[in-house]
Amino acid sequence: MAEVNGGSRLLPLDRELWERLDWFIRLRWLAAAGILGGCILGPRFLSISLPILPLVLVACAVLLYNLIFYLSRSRIASKEGSLGSAIHLQIGLDWAALVCTIYLTGGIGSPVSFSFVFHLIIGSILLTRRACYLLAASASLLLGFLALMTVFHPALIQGSFFVAVTEHPALALQIWAGLTVFFLVTTYLATSITARLREKEAALFQSEKALGLACREMESLYEVGQLVNSTLDVNEVLTLIAENTARLLNGKACAIRLLDKSGRKLYIGGWHGLSQAYLNKGPVEVEKSLIDAEALAGATIQILDVAEDVRFQYPEEARREGLRSILSCPMRAKNRTLGVIRVYTGEPHVFGEQEQKLLMNVANLGAIAIQNARSYGELLALDQERVWFARTTHHELRAPLAAAQGALEALGFAGPLTEMQLDLVARAQRRIEESFTMIRDLLDLAASQRLEDQAALPLLNLGEALKPVIESAREQALAKGLTFEEKLDLQGCLMRAGAPDVARIFANLLNNAVKYTASGAVIFGAHPSDGWVEVWVQDTGMGIDEHDLDRIFKAFYRTSAAKASGITGTGLGLSIVRQVIERLGGTISVVSRPGQGTRFDVRLPLAPA
Amino acid sequence: MQKGKHVILCIDDDPDVLAPLKIILEGGGYTVATAPDAKQGIRAFRDSRPDAVILDLMMEEIDAGIRLVKEIQALDSKVPIYMLSSTGDYFHGATDISSLGLAGVFQKPISSKILLSLLRTKLGAPEPAP
């Protein structure tokens with residue numbers, strides 16, 4: 001069977017018929033075996049005389065045509081319309097074999113007469129109710145014929161189970177009448193039960209179909225949801241929604257119009273399948289376009305023919321574009337209507353309830369995606385403004401300090417200063433210097449917090465980017481009499497990051513290492529490790545107390561030891577370092593022992609090869 | 001060169017920057033001419049024929065300093081021009097500063113030591129003051 005209905009050639013009903021036909025063929029093997037068994041067992045155990053040869057011939061005939069049906073199953077299944085004829089042919093042949101068998105086993109008195117009932121029951125499953133009653137009538141007629149034969153020409157009847165029938169003609173008629181009633185009642189019961197079963201089956205099939213549709217719809221919606229949320233670019237989001245909506249609803253085109261700030265005009269946001277000429281037909285004024293006004297008010301609008309609906313503002317343009325029917329609904333997110341979405345068809349089409357619901361769901365999904373993309377865009381603009389503000393403030397804060405510093409610098413050239421005056425100038429200069437550092441770090445902090453699309457950055461060669469940082473750190477270390485050791489393996493380490501960010505991280509860490517190490521060494525190491533680069537900065541400096549370790553990354557925090565050392569600092573460096581590292585998707589950890597040294601370990605993700 | 005001294009022209013719109021600069025340079029043995037904006041700067045350049053120019057690129061409006069550099073270079077292509085810079089200035093201008101052909105950049109706040117040593121290297125030692 002598997003080889004036959006493996007494909008989808010058969011409709012569900014046909015497949016059902018086919019399965020029953022198959023069952024019919026299997027039963028027929030048993031029937032033929034029954035006839036042959038009766039021939040052997042009847043005379044031996046029941047002392048019944050039967051015409052063996054003719055019965056064996058009938059059984060052979062049944063076997064033969066059943067074999068033919070069995071072998072031609074695949075052809076019947078694949079050929080359209082052949083199933084019905086196959087059923088009729090089988091019943092016809094079975095009827096003939098049955099009549100022969102009844103005739104050969106004693107006419108109306110034969111117990112085989114009951115066998116018609118099997119066909120009637122099977123027929124009630126395979127055939128229509130009317131055909132079943134016709135079958136019952138034909139069985140009754142055939143048996144009536146045999147009854148008459150039994151009554152009027154008993155000599156013609158061969159073999160007999162019940163000799164009495166041939167001897168009492170009235171009994172033959174009584175049996176016939178009883179069988180006829182029995183057949184009719186059986187047909188009535190069997191067809192009624194089958195009809196009920198069919199109804200239920202049909203209902204089941206319908207709900208299965210509806211379930212399948214709903215499932216497919218959900219899958220499509222999920223797909224659209226994934227797609228439209230895959231980008232935060234508003235225009236891309238709109239185009240994706242338009243494309244997918246047209247596809248889902250089998251539309252010719254789709255347009256998304258968004259409300260402008262005044263809320264009175266709709267401008268085109270995203271579209272699919274519309275010509276530039278149609279898109280340029282002009283802005284849609286909500287007051288003039290009734291269909292849009294209704295949609296914006298929350299209704300799902302359907303227009304069968306745009307050329308004939310007064311609610312449509314541009315019927316002529318739509319006709320030229322080849323647009324006929326429209327389905328339109330609002331796009332709402334968080335109780336705010338953003339605009340309307342429309343699906344157009346090229347042929348007149350009535351959108352069903354299912355399609356209307358689908359459009360509404362897609363519209364809502366799309367609206368959320370648009371809202372997200374817009375919020376992100378606003379956030380980016382705000383962030384850019386923030387960075388611009390930070391830079392400008394930085395410049396404005398530095399200018400007066402620079403002037404003051406310049407004035408102090410010039411003081412020495414304006415005439416000789418006393419020792420006390422020189423000391424005061426030096427103090428003022430030192431404080432101004434501290435302010436410069438603070439301003440620089442604040443700008444760094446602002447820059448380290450900015451939003452950035454990491455994936456859009458060009459590839460950065462880490463080894464190259466670190467060269468100037470290392471150079472400067474080495475100079476600082478050597479100037480202070482420290483050893484500077486490099487253990488770098490950065491061959492082919494590429495990452496998505498800006499060079500200033502990478503410099504910010506390691507310049508800060510190395511600068512700290514040099515600053516807080518009085519003697520000994522600063523070691524800078526790095527090596528790639530399974531998609532990451534591990535970088536460490538180690539020193540033999542003053543170290544950090546254990547209770548300070550989790551606080552050193554907080555903005556403006558300086559350890560008491562650092563403050564007591566007299567080394568100046570803003571307490572922003574490590575906070576900047578951690579923010580930049582986290583923005584790049586990396587981690588930082590620290591181990592330290594007071595008086596012995598500190599080691600910072602940084603892990604940053606490399607760009608996939 | 002005036003009376004054996006090199007002449008330096010300083011152009012900056014911030015008088016609080018200009019005044020100490022003048023004192024430091026004069027203390028270093030130079031004659032100093034100053035101008036508060038680009039327009040007066042070009043006039044002062046014609047009048048004083050300086051041996052070097054120090055100017056702030058970020059005056060009045062964006063790129064005024066850059067235009068001034070180009071005008072001075074058109075008058076005298078050999079005179080060394082130094083830029084006074086604050087960190088952060090680069091973000092505002094659209095022009096690539098490295099393409100201007102400047103002799104050097106002095107970071108604000110000015111360090112007298114760096115300023116005088118660089119100028120001395122470029123212009124040679126001034127005549128000792130009488």
Side-chain angles (χ1 to χ4, degrees), chain A residues 383-417 421-422 425-447 450 472 498-500 503-504 507 570 576, chain B residues 5 8 10-32 34 36 54-62 65 82-94 97-98 105-120 126 129:
Chain A
D383 192 58
Q384 267 164 16
E385 207 170 301
R386 187 181 65 85
V387 171
W388 176 86
F389 180 78
R391 282 176 180 160
T392 308
T393 312
H394 171 251
H395 180 75
E396 296 302 318
L397 284 174
R398 270 186 67 101
L401 280 177
Q405 186 80 308
L408 290 174
E409 187 84 13
L411 208 54
F413 291 85
L417 294 176
Q421 285 167 331
L422 277 174
V425 169
R427 281 173 192 277
Q429 278 181 319
R430 202 175 61 238
R431 297 313 293 260
I432 291 175
E433 205 50 57
E434 280 173 31
S435 290
F436 275 127
T437 315
M438 176 65 82
I439 292 166
R440 188 203 61 212
D441 283 359
L442 282 171
L443 178 72
D444 266 1
L445 189 66
R450 74 179 181 277
S472 155
R504 220 167 251 143
T570 59
I576 293 165
Chain B
K5 282 185 181 180
I8 314 283
C10 300
I11 311 166
D12 196 311
D13 58 352
D14 186 346
D16 292 342
V17 170
L18 225 41
L21 190 60
K22 187 171 191 291
I23 293 171
I24 294 169
L25 288 172
E26 282 174 351
Y30 296 98
T31 300
V32 179
T34 59
I54 299 174
L55 57 84
D56 185 357
L57 281 186
M58 300 301 144
M59 287 184 299
E60 307 118 49
E61 51 184 292
I62 289 171
Y82 293 89
M83 173 188 153
L84 279 172
S85 153
S86 322
T87 321
D89 281 354
Y90 304 105
F91 302 119
H92 299 280
I97 287 162
S98 61
V105 175
F106 293 120
Q107 198 72 37
K108 286 183 192 173
I110 305 147
S111 151
S112 54
K113 223 186 275 173
I114 296 174
L115 178 72
L116 294 178
S117 78
L118 265 179
L119 285 175
R120 198 160 298 144

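In what follows, every chain begins at residue 1, and chains take the letters A, B, ... in the order their sequences are listed. Since the structure is predicted, the reported quantities are computational estimates derived from the model, not experimental observations.
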Region of B:K113 in contact with chain A, defined by heavy-atom distances below 4.5 Å: backbone

Ion pair B:K108/B:D14, N-O distance below 4.0 Å: no

Given heavy-atom pairs under 4.5 angstrom as the criterion, report whether the side chain, backbone, both or neither of B:I110 touches chain A. backbone

Pick from B:S112, B:S111, B:G27: which one has the most heavy-atom pairs with chain A under 4.5 Å? B:S112

Heavy-atom cut-off 4.5 Å, strictly under: side chain, backbone, both or neither for B:L115 against chain A? neither

Pairing of A:E434 and A:R431 as salt bridge, 4.0 angstrom limit: yes

Take atom CD1 in B:I114; do more than 12 heavy atoms of anything else shown fall under 6.0 Å from it? no

With respect to B:C10, which candidate in B:D56, B:L55, B:V32, B:L84 satisfies the side-chain contact (heavy atoms from CB on, under 4.5 Å) definition? B:V32

